[in-house]
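Throughout, residue positions are numbered sequentially from 1 according to the sequence presented. This is a predicted model, so every value here is computed, not measured.
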Amino acid sequence: MKSYKYILEGLDCANCAKKIEDKIANTKGYEQVNVNFSTLKLSFQTDKEDNVKQEITQIVHSLEPEVNVIDEKEKITENSERNNSDIFRLIIGVIIYVLGAYVSIFSNFVIITTIISLIILLSKTAKKAFTQIFKNKVLDENTLITISVIGACLVGKSMEGVMVIVLYEIGKILEAKAVNKTRKSISDLMDIKPEYANLKNGEEVNKVTPEKVKIGDIILIKTGEKIPLDGEVISGEAEIDNSALTGESALIKVEKNSKVLSGGINVQGLLEVKVEKTYENSTVSQILNLVENATDKKAKTETFVSKAAKIYTPIVLGLAVLVAIFMPMLFKNVTYSQSIYKALIFLVISCPCSIAISVPLSYFSGIGKASKKGILIKGSDYLDGLKDIGQIIFDKTGTITTGEFAVSQINSLSDEYDKEKILEYFVMGESFSNHPIAKSIVKEAKKEIDTAEVLNFEEISGKGIKYNYKEKEVKIGNANFVGLDVKLKESEGTTLYLKVDDKVAGNIVLTDEVKKDAKQTMQILSKSKIKTKMLTGDKKQVALKIAKQVGIDEVKSEMLPQDKYNELEKVLTNNKDKRKVAYVGDGINDSPVLARADIGISMGGIGSSSAIEASDIVIMTDELQKIVDAIDISKKTNKIIKQNLIFSIGVKILVLLLSLFGIADMWEAVFADVGTTLITIFNTLRILK
């Protein structure tokens, strides 16, 4: 099946987004349909090849005639013209009504002007209501408002009827502006896409789109320009601002052989860079895709609200009918005219706009806020789940520690091999590995080591490496891997042994520094009653020392990748309090565990595509403190969602009760609808602060 993505230009209603999604999903041939109200993006999969966009456009127009289906890369036009047209229509409608109410030209002048003003004011809403009823057999908020306005006029409350539609339309205009403000706030946070690249071709330099640059091409990055693609500096020096990627304001100095990442900004200097990744696979592209697709995975709260909205309007309409019919039977002093008016008030109060809009916008804002801090969250369900974490399991190397090993000792255990020769054997093998330890050992060599005669290299996960050199079998790894029987004094670092044929020739001891924010992070997690555990393949003595140093509750050492997976299974099985279990790892060796955990958090480092793919949440700066920040954002988002729901429902119930007792009328009913919608949207904006 082929995937398609379109933008729904002009979509300004969360309920409408759900209707479009359901209609396309129920159309034969379309699967994985998602309409993201926060980003206006429609995505789906289909086997159809002919007239896909045309068919989708027809479906969308059957529900929302004013919504345009445009290609993903097309620029969305501003909705100011549409808003201006609506404002002009409202002004004309109000002037005609006021003219009829205060100027008497002939006997039926008031009736005629009232009808004309209602036709002008109600035309847009009534058209939507009739389209939904007759074409799609759906009752929505447009139906509720239309019935309320017409009904109010029929029971002699024309002023209230006109006031309802005027304030409702004003509310929709303000609502659209508020929603657009939220979208713009988030898009500004992630405004990192480079518009062009300076492609060097001999002595000639041309501006091209980043998509046209190939691996191996040379690009120039001038002062003030965004870095368009990932690559390696081949000449020049500069200071780079990576704050849009990591949330960190400190500038990074780069020079020849330094790596640079797309999305960063060259603050000062001129760089010549050899491109190492196409734009599609670049850091900036991965981040933008991740953030863009994040709210496609809906949280349980969001899903529940969407489903509830589907049956909400028919239930409200039914209750209003019951109020209109039975209230005079229960209360002798209430006439049918009064009960119908109260039922109409009930319809106005019950519009679900504030609930339907505030929930998805809150999650979208939370994900945008996290992105600004260098925390990439793949979906609103994961953002929602962060607040419920009860236990976090950590990997050690590259997670609790920096992963930047340094060789502290080289020990010879045989007269045949001196320290220089031992290091040479280590470097020959580790040159073929991408493990952080391997890179540290290779870095220790002061001269280039010839690896031409290294044959049959093999890396055994969790144990070590082996290869052949000049008809000798070489093994490098832990004591068990090299078959060491002699009990040697344990060091406080990571010890790797060298075995040449049947003889253990020597070892290297490496030390790894603990991250600066590790201890503080564990203290905060402990205060939040979140249990911490560390699983590592390192030896017991080293693991216990680090766990004690940072304050981790429990530690298990000398574990292979499958041991970590089995241990996580045990934790999940015995998780009695049902709080979520998170695993924090480097996103490469820990991929199975990251995938199995309730929430996988990758300390993937900037530009690590494997980290982005493996986990649910990616910490772009490798800082443990960001986990605490992510949990705080989750809690704040959840708090604001609860505030919005309680406020919206509470105000509606209060005004409803007041209307039944004759205290509140249409004015209060409109506030219960339009007012609560605007207040909840502006409350949602607090997440971004």
Rounded to the nearest 0.5 Å, how far apart are [atom1] of [X] and [atom2] of [Y]?
X      : Y      : atom1 : atom2 : result
Ile392 : Lys531 : CD1   : NZ    : 13.0 Å
Ser634 : Asp629 : OG    : CG    : 12.5 Å
Leu63  : Gln58  : CG    : CD    : 12.5 Å
Asp381 : Leu386 : CG    : CG    : 10.5 Å
Tyr341 : Met327 : OH    : CE    : 13.0 Å
Arg579 : Ile530 : CZ    : CD1   : 6.0 Å

Under 3.5 Å: donor-acceptor pair, side chain of Gln32, backbone of Gln45:
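No, the answer is negative, given that no donor and acceptor are paired below the 3.5 Å cut-off.
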
Has Ser648 got a side-chain atom pairing as donor or acceptor with Leu645's backbone, closer than 3.5 angstrom?
no

Would you say the side chain of [Y] lies within less than 4.5 Å of the side chain of [X], judging by non-hydrogen atoms?
X      : Y      : answer
Leu40  : Glu9   : no
Val67  : Leu8   : yes
Ile633 : Ile377 : no
Ile59  : Ile20  : no
Lys369 : Lys373 : yes
Phe682 : Leu685 : yes
Leu121 : Glu169 : no
Ile150 : Leu122 : yes

Between Thr680 and Leu361, does the side chain to side chain contact (heavy atoms under 4.5 Å, CB included) criterion hold? Intermediate values first, please.
CA-CA 10 Å; Thr680 54; Leu361 270 185; over 6 Å; no

Does [X] have any salt bridge (charged side-chain N to carboxylate O under 4.0 Å, His left out) partners at least two apart in sequence or in another chain, and if so, which?
X      : answer
Glu160 : none
Lys48  : Glu55
Lys387 : Asp384
Glu569 : Arg596

I'd like to know whether Ile87 forms a side chain to side chain contact (heavy atoms under 4.5 Å, CB included) with Ile91, so could you lay out the CA-CA distance, the side-chain angles of the two residues, the decisive distance to 0.1 Å, and finally the verdict.
CA-CA 6 Å; Ile87 293 169; Ile91 292 172; 3.9 Å; yes

With sequence neighbours excluded, residues passing ring pair (Phe, Tyr, Trp, His ring centres under 6.0 Å) with Phe109
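Per chain and number, Phe109 pairs via ring pair (Phe, Tyr, Trp, His ring centres under 6.0 Å) with Phe106.
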
Please evaluate residues Tyr6 and Thr57 with respect to the criterion side chain to side chain contact (heavy atoms under 4.5 Å, CB included), reporting the C-alpha separation (whole Å), side-chain torsions for both, the decisive distance (0.1 Å), and the verdict.
CA-CA 10 Å; Tyr6 295 108; Thr57 302; over 6 Å; no

Apply side chain to side chain donor-acceptor pair (under 3.5 Å) to [X] and list each qualifying residue two or more places apart in sequence or on a separate chain.
X      : value
Ser158 : Tyr97
Thr46  : none
Asn683 : Gln643, Asn644, Arg686
Asp598 : none

Taking all atoms of both residues into account, what is the closest heavy-atom pair of [X] and [Y], and its distance?
X      : Y      : answer
Ser117 : Val162 : OG-CG2, 4.5 Å
Tyr4   : Glu49  : OH-CA, 4.5 Å
Ala129 : Thr146 : CB-OG1, 3.7 Å
Ile640 : Ser362 : CG2-OG, 4.2 Å
Ser659 : Lys342 : O-NZ, 2.9 Å
Ser148 : Leu344 : OG-O, 3.3 Å

Less than 4.0 angstrom from a charged side-chain N to a carboxylate O is my criterion; do Lys635 and Asp632 meet it?
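Between Asp632 and Lys635 there is no salt bridge, as every charged N stays at least 4.0 Å from the carboxylate O atoms.
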
Pairing residues for Val110 by the side-chain contact (heavy atoms from CB on, under 4.5 Å) criterion, not counting sequence neighbours:
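Checked Val110 against side-chain contact (heavy atoms from CB on, under 4.5 Å); matches are Thr114.
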
Please name the residue in the list Ile601, Ile367, Ile619 that meets the side chain to side chain contact (heavy atoms under 4.5 Å, CB included) test with Ile375.
Ile619

Do any pairs count as a ring pair (Phe, Tyr, Trp, His ring centres under 6.0 Å) and have a residue in residues 633-654, sequence neighbours left out, and if so which ones?
none

Mind checking whether Phe44 and Tyr30 have parallel, tilted or perpendicular rings, split at 30° and 60°?
perpendicular

Given the rule in the side chain to side chain contact (heavy atoms under 4.5 Å, CB included) test, do Asp86 and Lys124 qualify, once you have shown the distances and angles that lead to the verdict?
CA-CA 9 Å; Asp86 289 336; Lys124 187 176 179 180; 2.9 Å; yes

Review item, side-chain donor-acceptor pairs of residues 315-325, under 3.5 Å, at least two apart:
none

